[in-house]
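Quick note: numbers below take in every heavy atom, side chains included, and nothing from hydrogens, waters or symmetry partners.
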Amino acid sequence: MLEEIKEKWDEILLNIKEEHDISEVSYRTWLLPLIPDSVDKDILTILVPDSAFISYVKKKYEFLLKITIEEITGFQCELDFKLKSDVKEPEKENRLINVTNNTVSQLALQNANLNPRYTFDTFVVGKNNNLAHAASLAVAESPGEIYNPLFIYGGVGLGKTHLMHSVAHFILKNNPNAKILYVTSEKFTNELIDAIRNKNNVSTTEFREKYRNNDVLLIDDIQFIIGKESTQEEFFHTFNALYEAKKQIIISSDRPPREIETLEDRLRSRFEWGLTVDIQPPDYETRMAILRKKEELEGYNIDNEIIKYIATNVKSNIRELEGALTKIVASSKLNNKEINLELAEEALKDLISPNAAREVTPQLIINIVSEHFGITPLDLIGQKRSKELVFPRQIVMYLCGDMTSESLQNIGKALGGRDHTTIIHGTKKIASELKTDENLKNTIDILKKKINPQ
Ligand SMILES: Nc1ncnc2c1ncn2[C@@H]1O[C@H](COP(=O)(O)OP(=O)(O)OP(=O)(O)O)[C@@H](O)[C@H]1O
């Protein structure tokens, strides 16, 4: 019987997918990895790659597997799920998940505050994020039902935001009317400050409605509400209201709840009610797969040697990994030169040099501030004077004065060759606004923590 089941296994899995309308990503995550291993009397043993998800696969797919096996092979059986690594050597694998028809409307994405590029299809699964990916997918399939809250933690630029948005996309695709809101903890805090002061005529009641009236609330970088008592208090009530109504909450942080020292105990324990999963830095194979995926998405055509060079040298941050690829392509276009190893080495010398590590420099501040405000470093140091650029530029001036020992001349130089009087003016302006503007204080606080996380 085992032979027949093995022979027809693909057919069985595909049948489940088609008959029960299982999405491509769920099919690849839960069903494709299942392996029929042995038959003993009427018990079929199936191998599962991850222990944390045996119970999920059982709950969601055991019945479907049983009836489909019977339908296709005539074998009436009970199923026993075993961990693959207990039986066989684990395999190395990176799965590129390709789901094409993305039908979530632009408006729904905007309302929920989602990045259209951050979906499960563009997320590369490797050993470093396997569990976080599977947990996110399980939540996307059954929001509010299994892991609530889902708490995802990991270092800078490792894909926490990408995963959170993927869950939201998936839910919106299945249910376009789902009410979903993604927000950073900075935005949550600033809106709360505004509501308490009744700025822009937003009352605390409206604030509460906005956050509590959701099917799914995604809150990013929760570590930044640490130490802010009134925000923690408000978030506590938001959490309770959503949780009691069985609405899904997904939280990200740079560390697990137990390591967020100033987090109130009542929040810490609530964060641990659901499932906590981490994302680690990617291994070499995953870095290669991410670079290839990026290459494919952007339509680049880059020699394998160059991809290997980047994957070997940029290790701990996926944002930097992607940035390295973009930098090489930009450098080739700008200098009108073919991409080769020499050009790659030159383009990445700052990133890869051993001294490039975490010293607070004007360049680091420029990079972090521009990312925070969603502008490019080139625009930030450029000559345009629109409000969206002037404000972050002045913040950079202020932070360079506060966090580095660079001279005004050097700060001006890093900011595209500006005069020292401009730097003094910008710095003073921010310092004076800081005296009265709570939102700005919160933003500067967060930027400082991003620049110097210790
Ligand atoms: N597994 C992955 N596959 C493909 N792209 C990835 C993956 N992980 C991260 N990325 C990409 O890396 C970049 C950084 O990811 P993201 O912003 O999600 O990180 P983060 O962990 O939220 O960072 P931060 O701590 O700064 O908030 C994004 O462009 C994202 O698409």
Side-chain angles (χ1 to χ4, degrees), residues 92-100 102 115-119 121-129 155-159 161-162 281-359 361-371 373-384 389 396 413-417:
K92 281 191 169 174
E93 62 174 334
N94 292 300
R95 280 164 293 143
L96 289 181
I97 293 171
N98 273 314
V99 190
T100 37
N102 210 335
N115 183 329
R117 288 190 304 115
Y118 291 175
T119 61
D121 354 346
T122 56
F123 191 84
V124 175
V125 184
K127 271 197 208 145
N128 63 314
N129 57 25
V156 171
L158 291 183
T161 308
H162 190 141
D283 58 13
Y284 177 75
E285 284 77 21
T286 312
R287 296 201 294 278
M288 287 292 289
I290 290 172
L291 288 167
R292 292 234 168 80
K293 183 78 186 168
K294 173 95 177 158
E295 189 192 2
E296 175 201 317
L297 289 172
E298 301 291 336
Y300 302 151
N301 184 10
I302 294 171
D303 209 77
N304 211 24
E305 278 309 293
I306 310 290
I307 301 278
K308 279 188 188 159
Y309 174 75
I310 305 174
T312 308
N313 287 290
V314 184
K315 293 182 181 155
S316 58
N317 179 329
I318 297 173
R319 189 176 293 120
E320 279 183 4
L321 192 72
E322 291 186 338
L325 190 64
T326 315
K327 213 165 170 188
I328 290 173
V329 174
S331 165
S332 137
K333 281 194 182 144
L334 221 71
N335 300 309
N336 205 9
K337 278 190 188 158
E338 213 179 287
I339 297 180
N340 55 28
L341 211 51
E342 196 190 335
L343 180 136
E345 280 171 1
E346 176 61 25
L348 302 189
K349 67 176 190 296
D350 290 345
L351 192 65
I352 290 172
S353 90
N355 310 333
R358 228 46 211 189
E359 193 196 335
T361 59
Q363 194 52 52
L364 179 72
I365 296 177
I366 289 169
N367 289 346
I368 290 182
V369 172
S370 30
E371 183 180 310
F373 286 97
I375 57 181
T376 67
L378 274 183
D379 277 340
L380 194 137
I381 66 169
Q383 296 306 318
K384 283 190 219 141
L389 299 177
V396 169
K413 216 155 123 194
L415 270 160

### Close side-chain approach of Leu380 and Phe373, heavy atoms under 4.5 Å
no

## Note on the structure
For Ile310 and Ala324, the nearest pair of non-hydrogen atoms, with its separation, is CG2-CB, 3.7 Å

### Task
Check for a donor-acceptor pair, side chain of Asp379 on one end and backbone N or O of Thr376 on the other, with a separation under 3.5 Å.
no

### Query
Rounded to the nearest 0.5 Å, what separation is found between the OG atom of Ser370 and the CD1 atom of Ile365?
11.5 Å

### Query
Strictly by modelled atom types, are His162 and Thr122 linked by a side-chain donor-acceptor pair under 3.5 Å?
yes

#### Entry: ring-ring contact (aromatic ring centres under 6.0 Å, His included) involving Tyr300 - partner list, sequence neighbours excluded
none

### Query
Taking C-beta and beyond as the side chain, do Leu158 and Pro282 meet within less than 4.5 Å on heavy atoms?
yes

### Summary
All heavy atoms of Ile328 vs all of Ala344, minimum pair found to be CD1-CB, 3.7 Å

#### Entry: Euclidean distance, Lys333 NZ relative to Ile339 CD1, rounded to 0.5 Å
8.5 Å

### Query
Nearest heavy-atom pair of Gly159 and Phe123: which atoms, and what distance?
O-CE1, 3.9 Å

### Message
Please check this pair: side chain of Asn335 against backbone of Lys337, looking for a donor-acceptor N/O pair closer than 3.5 Å.
### Response
no

### Over all atoms of both residues, closest heavy-atom pair of Thr286 and Asn128
CG2-OD1, 3.6 Å

### Query
Can you check whether Val125's main-chain N or O pairs, donor with acceptor, with Asn129's side chain at less than 3.5 Å?
no

### Message
Using side-chain heavy atoms (C-beta onward) and a distance below 4.5 Å, is Asn301 in contact with Glu295?
### Response
yes

### Message
Can you tell me how far apart CG (Leu321) and CD1 (Ile290) are? Round to the nearest 0.5 Å.
### Response
6.0 Å

### Query
Would you say the side chain of Gln363 lies within less than 4.5 Å of the side chain of Ile368, judging by non-hydrogen atoms?
no

### Task
For residues Ala289 and Val124, report the shortest heavy-atom separation together with the two atoms involved.
CB-CG1, 3.7 Å

### Distance (rounded to the nearest 0.5 Å) between Asp303 CG and Glu338 CD
9.0 Å

### Message
I'd like to check Glu371 versus Arg319 (side-chain heavy atoms, cut-off strictly below 4.5 Å). Are they in contact?
### Response
yes

### Query
With no hydrogens and no angle check, do the side chains of Arg292 and Asn304 hold a donor and an acceptor under 3.5 Å apart?
yes

#### Entry: Electrostatic pair Lys315:Glu320 at N-O distance under 4.0 angstrom
no

### Summary
Sorted by chain and residue number, the side-chain contact (heavy atoms from CB on, under 4.5 Å) partners of Lys294 (sequence neighbours excluded) come out as Glu298, Glu322, Leu325, Thr326

### Query
Can you tell if the side chain of Ser331 reaches within under 4.5 Å of the side chain of Leu343, non-hydrogen atoms only?
yes

### Message
For a quick test of reading the model, state the closest non-hydrogen atom pair linking Ile366 to Pro377 and the distance between them.
### Response
CG2-CB, 4.0 Å

### Message
Measuring from atom CD of Glu346 to atom CD of Glu342, what distance do you get when rounded to the nearest 0.5 angstrom?
### Response
8.5 Å

## Note on the structure
Sequence neighbours excluded, the answer for side-chain contact (heavy atoms from CB on, under 4.5 Å) partners of Pro362 is Cys400, Thr404, Glu406, Ala414

### Query
Should Leu291 and Ile302 count as side-chain neighbours, where that means a heavy-atom distance under 4.5 Å?
no

## Note on the structure
So OH of Tyr309 and CG of Leu341: to nearest 0.5 Å the spacing works out to 6.5 Å

### Query
Under 4.5 Å between any side-chain heavy atoms of Val314 and Arg287, yes or no?
no

